[in-house]
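Comments concern the structure below.
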Amino acid sequence: MAKIETPRPIRGTQDIFGPEAETFAYVVETFERIRKLYRFRRIEMPVFEKTEVFSRSLGETTDVVAKEMYSFEDRGGESLTLRPEFTAGIARAYLTGGWQQYAPLKVATHGPLFRYERPQKGRYRQFHQIDAEIIGAAEPQADVELLAMADHLLKELGIAAGVTLQLNTLGDADSREAWRAALVSYFQAFRAELSEESQDRLERNPLRILDSKDPRDKPFVADAPKIDDYLSGEAQAYFSQVCEGLKAAGVAWTRAPALVRGLDYYRHTAFEFVTDRLGAQGTVLGGGRYDGLIETLGGAHTPAVGWAAGIERLAMLVDGTAEEPLAVVLVVEDDARINEAIAAQQALRREGISAELIATGSPRKRYDKAVKRAPGAIVSLQHDGGHRLSGDDETDPRISQILALYR
RNA sequence: GCGAUUGUAGCUCAGUUGGUUAGAGCGCCGGUUUGUGGUACCGGAGGUCGCGGGUUCGAACCCCGUCAAUCGCCCCA
């Protein structure tokens, strides 16, 4: 048989193993615990949807739709897309699954997402997020609850130090539009002095100029019109209720007037938990209120707010989570005793004591292998029919009891 | 799509101004030590030096191309 060249993994995918996989699981388990505490209901979502689920909601940002999504045709010629985010799919399910009856609905999920991007630190083509949404709640308390949960989660994960909550409001639809118009006319005046990217953004996505990294843009950004001057009374009241609620909940935050969302369906609250420990990819958890989204999918006007966080990025901030220590290693020094060892091993495991068996390779080396596993106790089954148990004083007394049964 | 950096054993890395059969540690396999908590000794297997081309008497090393990884730009729903 001709030997083939081993297929390479797909760019931007990862095989997660060992301590990293443990940390990944730790993040998910912690999220599950917190989400139950806040009474968010678990949902499971399909990994792919009709392309329009995502393209409709993304609207005019054609770059994203055309270049950043994993889209393909199925055998029936229908365009499908691997989900690049949770929110649009959840909004679709809310409409097609009759979930309106549960409104206001608090839901949470996690799993893989796919974006066709060049991988870099903390950014992969298949990546994983945890996600929480409140659908059908228009009041600022919903924003507060979601933010409090996020803050709580980061603290439980032990990564809150060095992470700050940046908070902004985009106002209601009118406020947002007025601000946007003011930004466009402001930047238009300096057009030629802006970076090429920002000149481009002026047409496509003017709000994005505010978080340009180009030093040529920074001086103009500093003096750009502020959203606060364009907020309607209602929008202002909404934002201050969110701020007051966060204060009551004991959640610290800083105002980030340049924090924006590019898509039109975002309203009011926008937020990101940011760290400086992850290089250029500093956002650890982000979200906001998307009151306009569900309408773009053909539903009734439905207020909603949510956030998502990259599991990989959270895991990078968590101090290494070690694999659970191994309780017992059984060393078979006499091959005739292998079945005796298997029986004892299973008995230990049924008692909830983790156990491994070493019975391969040079008999002389087996004990050394056991030592390297760093178990709580080593049991060697010897040629004379007896066994020797070594371990420290904390060794589980059940071990001796169980072994006695399998002499 | 663009830029920078890096590709040598399963892993982490040496490898001199270009010079004979390309090295170490760890891991793996075997032997010695009859061992009681990661640490000893001896030996073995394992390498198209990312891939292709070029320069040269001679290339892991220099040049061109290509692929991949990492980090950054763009984008960030």
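In what follows, chains carry the letters A, B, and so on, assigned in the order in which the sequence lines appear, proteins first and then strands, with residues in each chain numbered from 1.
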When you check the gap from the basic side-chain N to the acidic O, do A:Asp174 and A:Arg267 get nearer than 4.0 Å? no
Quick one: A:Glu117 CD to B:rG1 P, roughly how many Å, whole number? 13 Å
Could you tell me how the ring of A:Tyr70 sits relative to the ring of A:Phe114: parallel (under 30°), tilted (30 to 60°) or perpendicular (over 60°)? perpendicular
What I want to find out is whether A:Lys226 reaches A:Asp228 closely enough, with some N-O distance under 4.0 Å, to be called a salt bridge. no
Nearest-angstrom distance, P atom, B:rC64 to B:rC76: 36 Å
What about A:Arg123: does its side chain form a donor-acceptor pair under 3.5 Å with the base of B:rC75? yes
Distance, C1' atom - from B:rG54 to B:rC75, rounded to whole angstrom: 39 Å
Would you classify A:Gln382 as touching base, sugar-phosphate or nothing, given that sugar-phosphate means primed atoms plus P, OP1 and OP2, and contacts are heavy atoms under 4.0 Å? base
Test your reading of the model: is there a side-chain donor-acceptor pair from A:Arg216 to the backbone of A:Ser195, 3.5 Å cut-off? no
Expressed as a whole number of Å, how far does the C1' atom of B:rG47 sit from that of B:rU33? 32 Å
Short N-O contact, A:Glu203 and A:Arg191, less than 4.0 angstrom: yes
Can a salt bridge be assigned to the pair A:Glu356 and A:Arg373 using a cut-off of 4.0 Å between side-chain N and carboxylate O? yes
Pair A:Glu52 + A:Arg92, salt bridge at N-O below 4.0 Å: no
Start at the 5' end of RNA chain B and walk down; is the nucleotide closest to A:Phe114 or to A:Arg373 reached first? A:Arg373
Between the protein and nucleotides 5-12 of chain B, list the N/O to N/O atom pairs that are separated by less than 3.5 angstrom.
none

Between B:rC49 and B:rG7, how far apart are the C1' atoms? Round to whole Å, please. 10 Å
Residues that A:Lys155 engages under side-chain contact (heavy atoms from CB on, under 4.5 Å), provided they are two or more places apart: A:Asp151, A:Ala160
Could you tell me whether a side-chain N or O of A:Arg39 sits under 3.5 Å from a main-chain N or O of A:Lys106, the two making a donor and an acceptor? no
Sugar-phosphate, base or nothing in reach of A:Arg201, heavy atoms under 4.0 Å: sugar-phosphate
Whole-Å gap separating C1' (B:rC76) and CG (A:Asp264): 16 Å
From CD of A:Glu196 over to P of B:rC2, roughly how many Å is that when rounded to an integer? 17 Å
Students often get this wrong, so: under 4.0 angstrom with heavy atoms, is A:Glu272 touching a base, only sugar-phosphate, or nothing? nothing
Taking CD from A:Glu68 and C1' from B:rC75, how many angstroms apart are they, rounded to a whole number? 5 Å
Backbone N/O of A:Leu194 and side chain of A:Gln199: donor-acceptor pair under 3.5 Å: yes
Pairs: protein N or O with nucleotides 65-73 of chain B N or O, under 3.5 Å:
from   : atom 1 : to       : atom 2 : distance (Å)
B:rA68 : OP2    : A:Arg11  : NH2    : 3.3
B:rA69 : OP2    : A:Arg11  : NH1    : 2.9
B:rC71 : OP2    : A:Lys121 : N      : 3.1
B:rG72 : OP1    : A:Ala280 : N      : 2.9
B:rG72 : OP2    : A:Lys121 : N      : 3.2
B:rC73 : OP1    : A:Lys213 : NZ     : 2.8

Could you let me know what B:rC41 is paired to, Watson-Crick or G-U wobble, both distances under 3.5 Å, or none if it's on its own? B:rG31
Provide, to the nearest angstrom, the distance between the CD atom belonging to A:Gln166 and the P atom belonging to B:rC76. 18 Å
Using the P atom as the point on both nucleotides, what is the distance between B:rU16 and B:rA4, in whole Å? 25 Å
ring-ring contact (aromatic ring centres under 6.0 Å, His included) assessment of A:Tyr38 paired with A:His152: CA-CA 10 Å; A:Tyr38 285 74; A:His152 193 164; 5.6 Å; yes
Taking any strand in view, what nucleotide pairs with B:rA69 in a Watson-Crick or G-U wobble way, both distances under 3.5 Å? B:rU5
Sort out the partner of B:rG25 for me: Watson-Crick or G-U wobble, both distances under 3.5 Å, none otherwise. B:rC11
What interatomic distance, in whole Å, is found between P of B:rG3 and the corresponding atom of B:rU39? 50 Å
Heavy-atom contacts under 4.0 Å between residues 79-87 of chain A and RNA chain B, which residues? A:Pro84, A:Glu85
So, A:Glu32 and A:Arg42, do they make that salt bridge, N to O below 4.0 Å? yes
Decide if the gap between the ring center of A:His128 and the ring center of A:Phe24 is smaller than 6.0 angstrom. yes
Can you check the distance between B:rC62 and B:rU5, where both ends of the measurement are the P atom (answer in whole Å)? 14 Å
A:Arg115 (side chain) donor-acceptor with A:Met69 (main chain) under 3.5 angstrom: no
Pairwise P distance, B:rG50 and B:rA14 [rounded to whole Å]: 14 Å
Taking NZ, NE, NH1 and NH2 as the nitrogens, is one of them in A:Asp200 or A:Arg204 under 4.0 Å from a carboxylate oxygen of the other? yes
Watson-Crick or G-U wobble partner for B:rC62, using a 3.5 Å limit on both distances? B:rG54
Atom pair distance, as rounded to whole Å: CZ in A:Arg204 and P in B:rC74: 11 Å
Under a 3.5 Å distance rule, please check whether A:Ser212 uses its side chain to pair with a backbone N or O of A:Ile209 as donor and acceptor. no
Side chain of A:Ser380, backbone of A:Gln382: donor and acceptor closer than 3.5 Å? no
What N/O pairs connect the protein and nucleotides 26-33 of chain B at under 3.5 Å? Give each pair on its own line.
from   : atom 1 : to       : atom 2 : distance (Å)
B:rG27 : OP1    : A:Lys372 : NZ     : 3.3
B:rC29 : OP1    : A:Lys369 : NZ     : 3.4
B:rG30 : OP1    : A:Ser362 : N      : 3.2
B:rG30 : OP2    : A:Ser362 : N      : 3.2
B:rG30 : N7     : A:Lys365 : NZ     : 3.4
B:rG30 : O6     : A:Lys365 : NZ     : 3.4
B:rG31 : OP2    : A:Ser362 : OG     : 2.7
B:rG31 : N7     : A:Lys365 : NZ     : 3.3
B:rG31 : O6     : A:Lys365 : NZ     : 3.3
B:rU32 : OP2    : A:Arg364 : NE     : 2.8
B:rU33 : OP2    : A:Arg364 : NH2    : 3.4

B:rU16 pairs with, by Watson-Crick or G-U criteria that keep both distances under 3.5 Å: none
Send over the distance from A:Asp200 CG to B:rC2 P, rounded to a whole Å. 17 Å
Would you mind checking if A:Glu117 and A:Arg125 are paired as a salt bridge, meaning a charged N to carboxylate O distance below 4.0 Å? no
Listed in order of residue number, which residues of residues 282-303 of chain A have a non-hydrogen atom at under 4.0 Å from RNA chain B? none
